[in-house]
There are 2 protein chains.
Amino acid sequence: MEKTDLKKLAKELNLSIATVSKALRDSWEIKAETKQRVRDLADKLNYQPNPYASSMRKRKSQTIAVVIPEIANNFFSVVLDGIQVIAEKKGFHVLTYLTHESYTNEIATIRHLQSGRVDGVLMSLCSDTADYQHLVRLKETGMPIVFFDRIAEIPDCPTVTTDDYESGYRATEHLLQNHCKTIAYLSLSQHTSINRKRQQGYIDALKNLPAKPGKNLAVHCGDENGGIMRAIKKLLSKKNRPEGIFASVEKLAIATYHVCNELKLKIPDDLKVISFSNLRTASLLSPSLSTITQPAFDIGREACELLFRKIEKKSNNYMSEHLVLKSSLIARGSTGPN
Amino acid sequence: MEKTDLKKLAKELNLSIATVSKALRDSWEIKAETKQRVRDLADKLNYQPNPYASSMRKRKSQTIAVVIPEIANNFFSVVLDGIQVIAEKKGFHVLTYLTHESYTNEIATIRHLQSGRVDGVLMSLCSDTADYQHLVRLKETGMPIVFFDRIAEIPDCPTVTTDDYESGYRATEHLLQNHCKTIAYLSLSQHTSINRKRQQGYIDALKNLPAKPGKNLAVHCGDENGGIMRAIKKLLSKKNRPEGIFASVEKLAIATYHVCNELKLKIPDDLKVISFSNLRTASLLSPSLSTITQPAFDIGREACELLFRKIEKKSNNYMSEHLVLKSSLIARGSTGPN
DNA sequence: TTTTTCATCGAAAACGTTTTCGAAAAGCAG
DNA sequence: CTGCTTTTCGAAAACGTTTTCGATGAAAAA
C-alpha cells in the first residue's frame, strides 16, 4: 500500500486538495457532510499528514530539543521523563541530544539547532562549559531556550533550578552536626553554575561554625571515571584525611563508596558521606546513603511548561522567570552516628 | 539577524539558488572558486539548511524513533545511550517516545509513526502488548523496524536480544546450588517475549534438578508500584514462603528488598535473591545484589547499527537477523552462603 | 572556419502541505 | 426578476530545498 497524501484523497473524492485539507482541519468553510466524507476516506486509507510538508508551510516543527550531558544517569533520565510527559500532552515531539560532557559536542549541537529543526530547546550545560557565546547566538535567532539544573547565566533566559546554595549549606551543616571536623567537597568541575552555589553553601556553612574546621577542602575531580577514582583515592589516603565527604553529584558518592571498600575504610565510622543524588536505591545501599534529592521529575515538567509558555506566546517580554524548586535532605546511614 | 536561506545567499552572490545549493553540496558541476565564495558567505551568515524543506524534497528525514516503555530505568537509558552514539555518528537525529507501559499509548505512537516523520524505528514493547497488528501495519508501509529486548515476533524483523532462556536457567540453577528448596519467579507480565524465555529457563532448570523442588512459583506482578509491593508481600508472608527469588526485572528485586526490610526478613539468610538488573550500584547494596546483567549499551549500539543497515540498503531481502548477546551472571551477597 | 566537447551555471519543476482570495451557486429581500 | 449576502468550494501561491535538463560560452577537434 502506497502512502496516501492529500492529492490522492482529493482525486478519490472529486474534491480539490484545498478542500480536503480544510475538511481535515475541521474548517468552518466546509460543509459538514463533505467533512465527514473526507474523514471517512482518510481513516480508511489511514492518511497521516506529512509532518515535514506541514512544518515547512507552517514554519513550526511541533518539536523540541533536549540537550543534556548524559542520559545514563538517574537525574537526567527522570527529568527527561517529566519533559516527555508534558511534551506529549502538547502534541510535541522530543529530540534528545547528548553532549557526553564535551564542550565541543555542545557547540556543534547548539549550532545545528539554528536550523529551525525545533521550536524550542531545553538544556543543561556540560560540566566544562564556561563560555556562553554559542548559546547567546542561538537565543538571538529567537529560539526559546529554558535551562535547568546546570544553567547558563544569560539575560532573559528562564531557568529551573533547585535551592543549591541552601542545600549545600544544609548538607555541610549536617556533616558538622555529626561531628565531622574536616569536610571535603567533591565536584566534577568548578565551572558549573550549580557547583558555584553548592560550594558557596559549603564554604559559608564552614565559616559559621564556631569551632572552625578551617580547611576549605574543595576537590574538582574532572568528569572521566579514572580521574575521579584517582582523585578520591588520593584524598582519602592522606594521613589527615577528611572525616566527612560532601559529594556534589551522585557519581562521586558512588566512587567514594568504591574507594572506601578498596581502602578498607568504614562508612560512617571512618568517613561520613552525603551526596546530591537521585538514586532510587539510596536507602538500600550499604550503608544507606544520605542524600540531597532533587525533584527531578518536577524539574522536567516545570522546565517544559516554561518553554511552552515561551513558544506559544512569543510576545511575552515580561521578565524571564527563574524557578527554584526545593531539594530534600534525607539523612541515612552514611552520616549516621553509629 | 534574520535566518538566511538559499535565496538570500544567491542574491548576495549574484548566483542562482541552484548553483548555491550545488556548491554547498560540493557538486562537481560547480567551479572550485565559486564553491569557495559560497561557502565563505554561508559561514559568515551562519547558514543552516532548513531540515524540513530538505527532508521533504529528499523524502528522508535523517531521523529515527526510539519507542520504549520507560526512560527512568537504567537498562533503557543505557540502551538509549548506545543508540544515540551510533545515530550521531551517522548524522541522524533521535526522537524518543515513551509508552509508559501502556498498550494504547504504544498503538497511538506507532500509528503516528506512519506519517513519515522518521526513517526507521527502534522499539521495545510494553509489558502487556500481546497483539502485533499495529506493528505489522507499520512494517507493511516499508518502515524499517528493529526490536530489542522485548521483541515482537513478526516475520522479517531484525531483533537484538540477550540469551534470556540460558540466563533464566543459570539464575535458577545458581539459586538451587545455593540450597534454595523453593524458588519463586517474579515478572511484570506473562506476555513479553523475554518473560516467556526467562520463565522457560526457570522451569527447565527446576525440572532438571534431581531432588525436584516441585512447585513452579511464577508470580506476575503487574507493572504499577502498589501492585508489585502487594504481590511480593503476599508471597513472602505465606508460611511456606519461597527460599529464593528470581526477579525477571530490576524493579522487582528492589521491591523485594523493600518488602524484606518491612517484614524483617534477612537476605540472604531468610531469602536469597537474584535479578536481571543493570544497576550500577548492585555491588554497593545491602546486601550486594546478585545480578544477571545485560550488555545494555551494546544492545543499543547493535540494534541501531542493524537499523541503519536496513535504512541504507532497502534492497536487502536476505533473511532478517536475530542478534543474541550474552548476559553475565554476577554472584554477590544476596545469594551468598553466609 | 566549422563542429564538437567541456565546463559552468540557471530555469523550473518537484516534494506535500496551508492559506489567501476569488468564484460559483444558492438563498433571500426587495 | 434584480441585487445582495451566505455558503461552499477551488486555483494558485507560498514554504526552502534538490535535481533535472537545457543554455551559454569557451576550448578543443575537425
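Labels below follow one simple rule: chain letters A, B, ... track the order of the sequence lines, proteins then strands, and each chain is numbered from 1.
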The correct set of residues in residues 48-60 of chain A placing a heavy atom under 4.0 Å from DNA chain D is A/M56, A/R57, A/R59
Kindly state which residues belonging to residues 17-25 of chain B come within less than 4.0 angstrom of DNA chain D, counting heavy atoms of the residue only, listed by number. B/I17, B/A18, B/S21, B/K22, B/R25
A/D5 or B/K35: which one's nearest nucleotide on DNA chain C is closer to the 5' end? B/K35
Can you pull the contact range of chain B along DNA chain C, 5' to 3', using atoms under 4.0 angstrom from its heavy atoms? C/dT8 to C/dG16
Rounded distance (Å) that lies between atom P of D/dT6 and atom NZ of A/K31: 19 Å
Under 4.0 Å between a Lys/Arg side-chain N and an Asp/Glu carboxylate O for [X] and [Y]?
X      : Y      : answer
B/K90  : B/E312 : yes
A/E101 : A/R150 : yes
A/R301 : A/D298 : yes

Evaluate the ring planes of A/H93 and B/Y97, with Trp represented by its six-membered ring, and classify them as parallel (under 30°), tilted (30 to 60°) or perpendicular (over 60°). perpendicular
Check the side chains of A/D149 and A/S124 for a donor-acceptor pair under 3.5 angstrom, ignoring hydrogens and angles. no
Matching residue for A/V38 among A/I30, A/L15, A/D43 - test: side-chain contact (heavy atoms from CB on, under 4.5 Å): A/L15
Of the options A/K44, A/R37, A/Q36, which is the one that meets A/D40 in a side-chain hydrogen bond (donor to acceptor under 3.5 Å, both in side chains)? A/Q36
Using ring centroids (six-membered ring only for Trp), state whether A/Y103 and A/H134 fall under 6.0 Å. yes
Closest non-hydrogen atom pair between B/T63 and B/F92, with its separation: N-CD2, 3.4 Å
So B/I30, base contact, sugar-phosphate only, or nothing? Heavy-atom distance under 4.0 Å. sugar-phosphate
